[in-house]
Every structure is written in structure tokens, then in C-alpha cells.
Amino acid sequence: MIKALIIDDEPKARSVLHQFIISFVPEITEARMAASVEEARGILQVFKPDLVFLDVEMPHQNGFDFLLLPNMPDFDVIFTTAYNQYAIQAIRFSALDFLLKPISPEDLRAAVKRHFSKGESFRQRKLLFDNLAANIDKRDVKDFRLAVPSSEGVFFFMIHEILRLEADRNYTIIHLIGKRPFIASKTLKHFEDMLIKFRFVRTHKSHLVNLDHIIRISNNNEFIILSDGSRIEVSRRKKDEVQRQLNIH
């Protein structure tokens with residue numbers, strides 16, 4: 001049983017989400033609403049939510065400003081946003097969750113289910129929020145830091161530090177420049193969706209490679225050599241795509 005706070009400057013958006021929670025998410029036993037960051041600040045004086053549905057785009061102070069308020073209680077956040085590619089990328093790179101407007105009951109239930117599956121501490125969430133604030137301040141998405149929570153804590157990587165990523169069942173091994181490999185409890189597809197726009201190419205069902213670290217490709221296009229000397233297989237169905245990317249870049 002959890003308590004939730006909806007922060008959104010649009011009356012219809014607040015009302016619809018509140019009704020969806022009542023109708024489709026029985027795990028949430030109490031939900032309150034705020035039309036602004038300032039109103040939410042007042043509510044937090046008397047109401048301690050477990051989960052905040054936070055609109056990204058609001059006048060005066062936006063959702064990111066809300067997270068920077070001092071003395072914030074411990075709660076999880078699910079961002080709500082219309083399609084804003086830059087904000088969505090910043091959120092995803094910070095290992096935080098979001099719902100695209102218009103929100104559907106199915107997406108809402110899935111997001112709340114993900115909330116229950118998390119095992120983050122207050123300190124971990126604070127690190128993720130801080131990373132999000134830092135990412136939003138970047139002028140270029142290629143300068144975002146990638147947050148990867150693990151059982152050992154939260155780790156942060158710059159995109160240019162990543163040589164390649166390797167699938168290991170439902171895990172991903174992240175190979176880094178000059179550092180030991182890091183095992184993340186996310187699938188390779190999860191990282192591919194984020195990194196494919198940043199000069200990464202899928203060479204095989206098990207490999208996602210940073211184009212900037214490819215030294216050469218074999219004459220028969222069956223493997224590539226990376227800057228650390230590793231030899232990575234190129235699957236038959238990926239040969240044309242890999243060759244095209246290398247010719248482009």
C-alpha cells in the first residue's frame with residue numbers, strides 16, 4: 001500500500017491520472033494533487049508520499065526544479081511528459097522512469113509495477129536525481145553521464161568511456177577503457193535503445209560496439225578489431241549495417 005502525489009499544472013492531466021490511479025492501481029491507497037512546485041512544497045509539509053508523478057514541463061518551476069528543493073523526503077519518482085526527446089534522454093540516462101502523455105492505464109500499471117521491483121536506497125535515488133540535474137544542464141546529450149544502478153551501488157559512465165557492451169542472458173557486461181568490466185542487471189536491448197544514436201552499432205545479437213573504438217574490419221567482414229585489441233564477431237545479418245556505419249563514420 002503506497003501514497004502518491006501528482007504534480008502537474010494541467011487540470012485535465014491531473015484529473016485523468018488521479019482517476020486512473022483510483023480505477024486501475026489499487027496498490028495506491030491515497031493520492032493527492034498539486035498544480036505547481038510551490039503547491040507541492042506545501043503538501044509535503046503534511047503528506048509524505050512514497051511515489052511522485054512529476055510533470056516535466058511546468059511554468060515558473062519545472063519538474064527538475066522540484067527535485068532540487070532542499071530537505072526533500074524519500075520518495076520514488078515517475079516523470080510524466082509529452083514527447084520531449086532531450087528530457088526523455090536525460091531521464092533514461094539517469095536510470096529514472098517516465099510515462100508519455102497521454103498516459104494509458106496499461107502504461108501506468110506497468111510503471112507502478114516497476115516501482116515495486118526497485119530496491120534503491122534513499123542515497124541511491126539522490127545520486128540519480130543529482131545525475132539527472134547535471135545531465136539537464138549539459139549542452140549536448142553526448143556529454144550525459146550514464147547511471148547504472150547495481151547491488152553494489154550506483155555507477156556512472158561517460159559515453160566515450162564505453163568500448164562495447166556484451167549480452168549475458170538478462171545481464172549486460174559493459175567493457176570500459178582502462179577499467180574492469182562492469183555487470184549491469186539490464187538487457188543489452190535496454191542499452192541499445194539509449195546508445196544507438198551515439199555512434200554505437202549492433203554487430204551481433206550479443207554485441208553493441210562503440211564506432212569510435214573500431215580499428216578495422218576483417219576482409220570478409222566477419223569480425224572487427226577494437227582499440228583494446230578485442231576481436232568481436234559480426235553476424236551475417238549485421239554485416240551490411242556494420243559496413244554502412246563504418247563507411248559513414
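Predicted model, so just to flag it, every value in this text is computed and none were measured.
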Here the ring pair (Phe, Tyr, Trp, His ring centres under 6.0 Å) pairs for residues 2-48, sequence neighbours left out, are F20-F24

Sorted by chain and number, sequence neighbours left out, salt bridge (Lys or Arg N to Asp or Glu O under 4.0 Å) with R14 holds for none

Using a 4.5 Å side-chain heavy-atom cut-off and chaining through intermediate ILVMFWY residues, the residues clustered with F198 come out as Y86, F93, V141, F144, L146, V148, F155, F157, I159, I162, L165, I174, L176, F182, L188, F191, M194, L195, I196, F200, L208

Test E192 against K189 for salt bridge (charged side-chain N to carboxylate O under 4.0 Å, His left out), laying out the working first. CA-CA 5 Å; E192 180 183 16; K189 180 66 165 59; 5.3 Å; no

task = Please answer whether the main-chain N or O of P11 pairs with a side-chain N or O of S15 as donor and acceptor at a distance below 3.5 Å.
result = no

The remaining residues in the hydrophobic cluster of M158, counting side-chain heavy-atom contacts under 4.5 Å among Ile, Leu, Val, Met, Phe, Trp and Tyr, are none

Here the ring pair (Phe, Tyr, Trp, His ring centres under 6.0 Å) pairs for residues 104-129, sequence neighbours left out, are none

Apart from L68 itself, members of its ILVMFWY cluster (side-chain separation under 4.5 Å) are none

Take a 6.0 Å sphere around NZ of K186 and say whether it holds more than 12 heavy atoms from other residues, nucleotides or ligands. no

With sequence neighbours left out, the residues meeting side chain to side chain contact (heavy atoms under 4.5 Å, CB included) with I136 are F64, A90, L132

Note: A4 and I28 closest approach over all heavy atoms is CB-CG2, 3.8 Å

In plain terms, say whether K238 and E233 are close enough for a salt bridge, that is, a side-chain N and a carboxylate O under 4.0 Å apart.
-> no

I'd like to know if the side chain of K48 reaches the main chain of L44, judged simply by a donor and an acceptor atom lying under 3.5 Å from each other, with no hydrogens or angles considered.
yes

So ring pair (Phe, Tyr, Trp, His ring centres under 6.0 Å) across residues 202-235, not counting sequence neighbours, yields H204-H207

Q.
Between R244 and E241, does any NZ, NE, NH1 or NH2 come within less than 4.0 Å of an OD or OE carboxylate oxygen?
A. yes

- Task: Please tell me if the side chains of L96 and V77 come closer than 4.5 Å, counting only heavy atoms from C-beta onward.
- Result: no

Mind running side-chain contact (heavy atoms from CB on, under 4.5 Å) on D107 and L100 for me, showing each step along the way?
CA-CA 9 Å; D107 289 343; L100 271 179; over 6 Å; no

Residue set satisfying side chain to side chain contact (heavy atoms under 4.5 Å, CB included) with A147, at least two apart, ordered chain then number -> A95, L128, N131, V154, F156

So the salt bridge (Lys or Arg N to Asp or Glu O under 4.0 Å) pairs with at least one residue in residues 155-172 (sequence neighbours excluded) are E161-K179, R164-E166

Check your understanding: Does one hydrophobic cluster hold both I91 and L127, with members joined at side-chain heavy-atom distances below 4.5 Å?
Key -> yes

Members sharing I173's hydrophobic cluster, built from side-chain contacts under 4.5 Å between Ile, Leu, Val, Met, Phe, Trp and Tyr, are Y171, I183

Residues pairing under side chain to side chain donor-acceptor pair (under 3.5 Å) where one sits in residues 56-71, two or more places apart or in two chains, turn out to be E57-T81, E57-N84

